Number of protein chains: 2
Amino acid sequence: MSDRGGRRSAAESAESTPRYLQIKQAVLEQIRSGVWRPGDPVPGDAEVARRFGCARMTAHRALRELADEGVIERRRRAGSRVALRTTRSLLVDVPRIDLEIEATGAEYGYRLLARSLGRTTHSARARLRLGPDGRTLWLLCLHLADQRPYQLEERWIDLAAAPAAEHESFRDIGPNRWLLEHVPFVGAEHLIRAEAASRRAARHLEVEPGAPLLVLERRTFREQRVVTWVRLAHPGARYVLRTASGEHG
Amino acid sequence: MSDRGGRRSAAESAESTPRYLQIKQAVLEQIRSGVWRPGDPVPGDAEVARRFGCARMTAHRALRELADEGVIERRRRAGSRVALRTTRSLLVDVPRIDLEIEATGAEYGYRLLARSLGRTTHSARARLRLGPDGRTLWLLCLHLADQRPYQLEERWIDLAAAPAAEHESFRDIGPNRWLLEHVPFVGAEHLIRAEAASRRAARHLEVEPGAPLLVLERRTFREQRVVTWVRLAHPGARYVLRTASGEHG
DNA sequence: TCGCCGATTATGCCTAGGCAATTCAGCAGG
DNA sequence: CCTGCTGAATTGCCTAGGCATAATCGGCGA
């Protein structure tokens, strides 16, 4: 144990990438190149530590993270193996709509189409898990990219969970951004589906009625309560959700 | 240090949940309940270790994982703060189709509709990043749940990246499963959109032409190369992608 | 008052151990 | 032949330290 709490100055392999990352990369390299194939055993903590000349905890961290990421599977006594991955989970980034649009270089526009207190449909009530006398704020907004309709947002807010929303006009600020700044969220639940455009949605989004829309529904939770439920509809032809996982180039 | 390498028998707070998880939960509880709000400072490694009576590494692991998950933000010297989260990423689980169907209790069925060598369209060629003389295998398959069409799969495989595919009939095994067992993947790129059903897709999926379909496209990579590109189409009305992030009840 | 530079401090990574929990394999007994 | 027990292998979690690095804050000089 000399410098940096024992990191040997000898190797210093890749300048200064942390040791545990070097190990992760080495393992990934074996898998990527096909030397280790799905189902094959991977050396255990102790063996890895010996090969890399590091403490077992360091090797352990590398292997644990790989397991967390689904690259390998670990079981006590049975040892570690390269995961037989099905298709791995898919990370979709759903950024704030205004930032998303501006990131593409387009000009962001926002219009409040309607705002109503108490217009609570039965299904909205159910989705908000609202009691019979719960009050809501209903909003219909349109987000534009370069003056063209980009996303139609229909939202219900439980006024008991976010009372301040009642006194906000939402004429100049989108409800998403307002809520992010005023209500602490914890969790969310999403649902993605394809739908045919209703007449109203078609009119606002400037597509034909019946045209395919990509619809994203989100419920946002705070302490077991649904704060808000929102339906985001995009013209299917002009909109995609993009995502990447693992490594590629 | 007494039992379990020093874990004090005294508290043993929650029976036997690991110490680092207890710390994570405690921090999350502060945030969930609104005591710590976005932007507020979070005690550092040393302080947490002191409060919980554990080693700094244990506190460090809890805080590091929270940072990895995007719950808190950490900066040297500046300390840790509750993250100002925008909308967090959205984890969609895309399981293997046969397992997915069987998980719902339905009977899984598979049919190979067409198989062709060399039928490479220009767009497929581009998406596979194929040279002008690259050879591909094209497949059209249908996955059924309880005898009803569930997913239409159209797939191109780069035969240079997966030569063995040429000699596989794919009559009894789906390409997804076959590839998982024969070609080591590393990364994937997904794209989700809504589309109107083409006449051919409508016929296979037993919907009206023009009906909304939820389409998932996936490119799978291995060492900078695209191994396979697949288009998975689902009847929009009968299919949704479901997901949850964070915690809710 | 402004800008630079060192001291301070919190995070990040590491070691070298040790105990706990899980589970596989083999063996004994019914 | 099956069942249950036991030993051993392996991962998982923990401690108690130490050095490295980054970023902020004060002080000092111009």
Side-chain angles (χ1 to χ4, degrees), chain A residues 1-25 27 40-83, chain B residues 1-25 27 40-83:
Chain A
M1 49 229 81
S2 47
D3 59 329
R4 189 169 185 171
R7 187 202 278 203
R8 31 201 58 40
S9 55
E12 210 56 86
S13 312
E15 290 116 272
S16 62
T17 49
R19 206 59 170 269
Y20 79 98
L21 277 180
Q22 291 178 32
I23 297 174
K24 282 181 70 173
Q25 283 162 11
V27 172
D40 285 359
V42 170
D45 294 20
E47 173 63 16
V48 168
R50 202 183 52 71
R51 283 197 209 172
F52 282 84
C54 65
R56 193 172 76 93
M57 270 303 281
T58 305
H60 176 69
R61 176 170 176 188
L63 295 177
R64 172 162 48 78
E65 292 196 359
L66 286 171
D68 288 344
E69 293 161 15
V71 175
I72 65 174
E73 286 168 358
R74 320 192 72 195
R75 274 170 58 206
R76 282 173 159 131
R77 162 76 201 194
S80 303
R81 323 189 136 265
V82 178
Chain B
M1 58 210 79
S2 50
D3 58 328
R4 188 168 188 167
R7 186 204 276 205
R8 36 200 54 39
S9 56
E12 209 58 84
S13 315
E15 291 117 90
S16 62
T17 49
R19 207 57 173 266
Y20 79 96
L21 277 181
Q22 291 178 31
I23 296 174
K24 282 182 71 174
Q25 283 162 10
V27 172
D40 284 359
V42 170
D45 295 19
E47 174 64 16
V48 169
R50 200 184 55 71
R51 283 199 208 171
F52 282 83
C54 64
R56 194 171 76 90
M57 272 301 284
T58 305
H60 177 68
R61 175 169 176 190
L63 294 178
R64 172 162 48 78
E65 293 197 357
L66 286 171
D68 288 345
E69 294 162 14
V71 176
I72 65 175
E73 286 167 358
R74 320 191 71 192
R75 274 167 59 205
R76 279 171 159 136
R77 165 73 204 196
S80 304
R81 324 191 135 263
V82 178

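In what follows, every chain begins at residue 1, and chains take the letters A, B, ... in the order their sequences are listed. Because the structure is predicted, anything quoted here is derived from the model rather than measured.
- In this structure, B:E73 and B:S80 have side chains that are not in contact, with every pair of non-hydrogen atoms separated by 4.5 Å or more.
- Of the listed nucleotides (C:dT11, D:dC13, C:dC14), C:dT11 has the atom at the smallest distance from the side chain of B:R74.
- Put simply, the side chain of B:R19 and the base of D:dG12 share no donor and acceptor less than 3.5 Å apart.
- Between B:R81 atom CZ and C:dT11 atom P there is a gap of 12 Å when expressed in whole angstrom units.
- Panel note: side chain A:R19, backbone A:F52; a donor-acceptor pair is recorded below 3.5 Å.
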Please enumerate all protein N or O atoms sitting under 3.5 Å from an N or O of nucleotides 3-6 of chain D, with distances to 0.1 Å.
none

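- A sub-4.0 Å separation between OP1 or OP2 of C:dT11 and a side-chain N or O of B:S80 is present.
- For B:F52 and D:dC13, the CZ to P distance is 17 Å, given to the nearest whole Å.
- Of all heavy-atom pairs between B:L63 and B:P43, the closest is CD1-O, 3.9 Å.
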Subject >> Pair B:V42-B:V82, side-chain contact (heavy atoms from CB on, under 4.5 Å): steps then yes or no >> reply: CA-CA 7 Å; B:V42 170; B:V82 178; 3.7 Å; yes
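- Electrostatic pairing of B:R74 and B:D45 counts as a salt bridge here, judged by a charged N lying under 4.0 Å from a carboxylate O.
- At whole-Å resolution of the value, CD in B:Q22 and P in D:dG12 are 19 Å apart.
- With rounding to the nearest 0.5 angstrom, the CG atom of B:L21 is 7.5 Å from the CZ atom of B:R61.
- Note: CG (A:D45) to C1' (C:dA20) measures 15 Å, nearest angstrom.
- Atom OH of B:Y20 sits about 10.0 Å away from atom CZ of B:R64, to the nearest 0.5 Å.
- At whole-Å resolution of the value, CD in B:E73 and C1' in C:dA10 are 16 Å apart.
- Between atom NE2 of residue A:H60 and atom CE of residue A:M57 there is a gap of 5.5 Å, rounded to the nearest 0.5 Å.
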Original post:
Are B:V27 and B:K24 close enough, and set up right, to give a side-chain contact (heavy atoms from CB on, under 4.5 Å), and what steps lead you there?
Top reply: CA-CA 5 Å; B:V27 172; B:K24 282 182 71 174; 6.0 Å; no
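- At whole-Å resolution of the value, CZ in A:R50 and P in C:dA16 are 15 Å apart.
- Separating the CZ atom of B:R56 from the P atom of D:dG18 is a distance of 12 Å, rounded to the nearest angstrom.
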What's touching nucleotides 22-24 of chain C from the protein side, N or O pairs under 3.5 Å?
from	atom 1	to	atom 2	distance (Å)
C:dC24	OP1	A:R75	NH2	2.2

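- Taking every side-chain heavy atom of A:M57 into account, D:dC14 is the closest of D:dT15, D:dC14, C:dC14.
- With rounding to the nearest 0.5 Å, the separation of CD in A:Q22 from SG in A:C54 is 9.5 Å.
- Separation of atoms CD1 (B:I23) and OG1 (B:T58) is listed at 6.5 Å; rounding is to 0.5 Å.
- Between A:Y20 and C:dC13 there is a side-chain polar atom (N or O) within less than 4.0 angstrom of OP1 or OP2.
- Here the straight-line distance linking atom CZ of B:R56 with atom CD of B:E47 works out to 13.0 Å at 0.5 Å rounding.
- Within residues 59-67 of chain B, the residues that place at least one heavy atom under 4.0 Å from DNA chain D are, in residue-number order, B:R61.
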